[in-house]
Number of protein chains: 2
Amino acid sequence: MDSATTHERLAQFRRMCREHGLVATVQRQAVFETLLEREDHPTVDQVYERLAERVPGISRTTAYRILDTFARLGLVTRICHPGSAARFDPKIGRHHHLFCVSCERIIDIEDDRLDRIQWPDVSACGFEIQGFDVHFHGLCADCRSRQGKKGGGAVRPSKQPKARKSVPRNRSSNLPRRTKP
Amino acid sequence: MDSATTHERLAQFRRMCREHGLVATVQRQAVFETLLEREDHPTVDQVYERLAERVPGISRTTAYRILDTFARLGLVTRICHPGSAARFDPKIGRHHHLFCVSCERIIDIEDDRLDRIQWPDVSACGFEIQGFDVHFHGLCADCRSRQGKKGGGAVRPSKQPKARKSVPRNRSSNLPRRTKP
DNA sequence: CCCTCCGTTGGTACATATTACCATCACGGC
DNA sequence: GCCGTGATGGTAATATGTACCAACGGAGGG
């Protein structure tokens, strides 16, 4: 359907690697493409799951490493959030976030007025501000209706159970690629 | 020196427990006091280290548990940040944060203009906003000068090494309290 | 002051998240 | 095609956080 776009992406990817002095490996390209097609804020594992389909045998370690590299280069943002697993934001432009305190969902919002807030004077402490975003916290629609039905008295908003499949790490061990016969 | 203040704190602590239906244990009081005297944004382990001095034999599990309880009651805030270990903010009033992308330091700032930003209209997605704070990211004074000296070309701003002592968990095992003789 | 009860703690074991390490590999310049 | 260097895969180790349960102890009643 969009082989032209695919071509563009590939060119964009190679250009980017050139600029930053990175080797353009298939693994990095797969991460790049996986991020491009996401609208949410995936964890490393969520990215890895998709990667495993594109590049059979890819290692979880590699997913961590590439996401870290991309984050350091500013191609993706490591999101500020109170959960336990790191989450990444493929969207680069200025935008802000809603955090559901109950299910930990993160929702992007855009708002010109927020973009234009005046930066505080932090010269006193010597900090150099590079950017910002505004965090709103509260309840998402789902959690709101769920809580409404139960009477709403919950002092302890129960966290959604962790979703990671209980597969022993690096399940790709059954297709060994390294042992040269 | 400030035994009057100490007295006040104790009263404040007991009142607080009463209000929330919590038992006023020495462990909870120690956490309460440890948080009061901190100006930074400690991890559980940093709180635990201080606790271990006040209450010999206290368990790391207890530190996690009490901080969680306090956070749920709003006595302390679980900070949104991009690092891996949860960090807590003893300061409750409205304020905002500077995040150093290099050393992960978190600095409080206060600014009336930021407090007054207008909340966006999120009725479309059904989200209920309860509060907000503004995240600025950049480089703290220390990291700025450190980077300046090196020529500033660092593509990979190196994270400070983790500081946790390599003591096997719950080192207090050598003073058993539970086995009643 | 003692007793009893239920909320709390300590400690182990486990679950999850991330990193260190190193042998092996493959991208890209020649 | 060949080589050197940077990247990957996999294991082991470290970090961080939670479940569980027996033992404890704060607080109210006797």
Side-chain angles (χ1 to χ4, degrees), chain A residues 14 17-18 20-31 43-48 51-52 55-69 71 78 82-87 158-159 161-181, chain B residues 14 17-18 20-31 43-48 51-52 55-69 71 78 82-87 155-156 158-159 161-181:
Chain A
R14 301 192 81 91
C17 287
R18 193 64 63 99
H20 295 292
L22 298 179
V23 176
T25 64
V26 292
Q27 291 86 347
R28 281 188 180 140
Q29 186 183 331
V31 172
T43 63
V44 177
D45 252 39
Q46 288 168 335
V47 172
Y48 172 73
L51 282 178
V55 185
I58 194 170
S59 156
R60 197 186 300 272
T61 304
T62 300
Y64 274 101
R65 213 162 13 202
I66 294 179
L67 283 169
D68 185 63
T69 303
R78 201 185 289 269
S84 50
R87 293 172 70 169
S158 58
K159 198 185 285 192
K162 314 269 176 170
R164 172 130 149 217
K165 324 280 187 304
S166 265
V167 176
R169 310 295 293 269
N170 295 325
R171 64 283 203 40
S172 54
S173 315
N174 43 353
L175 33 142
R177 292 189 13 174
R178 275 306 138 83
T179 50
K180 178 178 280 187
Chain B
R14 301 193 80 91
C17 288
R18 193 63 65 101
H20 296 291
L22 297 179
V23 176
T25 64
V26 291
Q27 291 87 346
R28 282 188 178 139
Q29 186 183 329
V31 171
T43 63
V44 177
D45 252 38
Q46 288 168 336
V47 173
Y48 173 73
L51 283 177
V55 184
I58 193 170
S59 158
R60 198 184 298 272
T61 303
T62 300
Y64 274 100
R65 210 159 18 199
I66 294 179
L67 283 170
D68 185 64
T69 302
R78 202 185 290 269
S84 49
R87 292 172 69 169
V155 172
R156 302 178 65 111
S158 58
K159 196 186 281 190
K162 312 270 177 172
R164 173 134 148 213
K165 322 282 189 303
S166 265
V167 175
R169 308 293 294 269
N170 295 326
R171 63 282 202 44
S172 55
S173 315
N174 44 351
L175 35 139
R177 290 189 13 181
R178 279 300 135 86
T179 49
K180 178 176 281 187

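Protein chains get the first letters and strands the later ones, always in sequence-line order, with residue 1 at the start of each.
- Here the side chain of A/T62 is nearest to one of C/dG11, D/dG17, D/dG9, namely D/dG9.
- Atom-to-atom, CD of B/Q46 to C1' of D/dA15 comes out at 14 Å; the value is rounded to the nearest Å.
- Put simply, B/T25 has no side-chain N or O that comes within less than 4.0 Å of OP1 or OP2 on D/dG25.
- In this model, the phosphate group of D/dG26 is not approached by any side-chain N or O of B/Q27 to a distance below 4.0 Å at OP1 or OP2.
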Original post:
How far apart are the C-alpha atoms of A/T62 and A/Y48, what are their side-chain angles, what is the distance that settles it, and do they pass the side chain to side chain contact (heavy atoms under 4.5 Å, CB included) test?
Top reply: CA-CA 9 Å; A/T62 300; A/Y48 172 73; over 6 Å; no
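- In this entry the distance linking CG of B/D68 with P of C/dT9 reads 12 Å, nearest Å.
- Nearest to the side chain of B/V23, among C/dT8, C/dA17, D/dT11, sits C/dT8.
- The residue B/L67 sits apart from the nucleic acid: no heavy atom pair falls under 4.0 Å.
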**OP:** Take B/D45 and B/R60 through the test side chain to side chain contact (heavy atoms under 4.5 Å, CB included) and record every step on the way to the result.
**Re:** CA-CA 8 Å; B/D45 252 38; B/R60 198 184 298 272; 2.6 Å; yes
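- In the set C/dT9, C/dT12, D/dG28, the nucleotide with an atom closest to the side chain of B/R18 is D/dG28.
- In this structure, CG of A/D45 is placed 8 Å from P of C/dT18, rounded to the nearest angstrom.
- Here C/dT8 presents its C1' atom at 11 Å from CD1 of B/I58, a figure rounded to the nearest Å.
- Remark: side-chain polar atoms of B/Y64 are not paired, donor with acceptor, to backbone N or O of B/S59 under 3.5 angstrom.
- Counting only heavy atoms from C-beta on, A/S59 has its side chain closest to D/dG10 among D/dG28, D/dG17, D/dG10.
- Residue-level contact check: B/R14 touches the backbone only, with heavy atoms under 4.0 Å from sugar-phosphate atoms and none from bases.
- The CD-C1' distance, from B/Q29 to C/dT9, rounds to 16 Å in whole Å.
- If you take OH of B/Y64 and C1' of C/dT16, they are 12 Å apart, rounded to a whole angstrom.
- Within the nucleic acid shown, A/R28 comes within 4.0 Å of sugar-phosphate atoms alone, with no base atom in reach, counting heavy atoms only.
- Using a distance-only test at 3.5 Å, with no hydrogens or angles considered, a donor-acceptor pair links the side chain of B/R28 to the main chain of B/V23.
- Remark: C1' of D/dG28 and CG of B/L22 are 17 Å apart, rounded to the nearest angstrom.
- One can find a donor-acceptor pair under 3.5 Å joining the base of C/dG10 and the side-chain atoms of B/R65.
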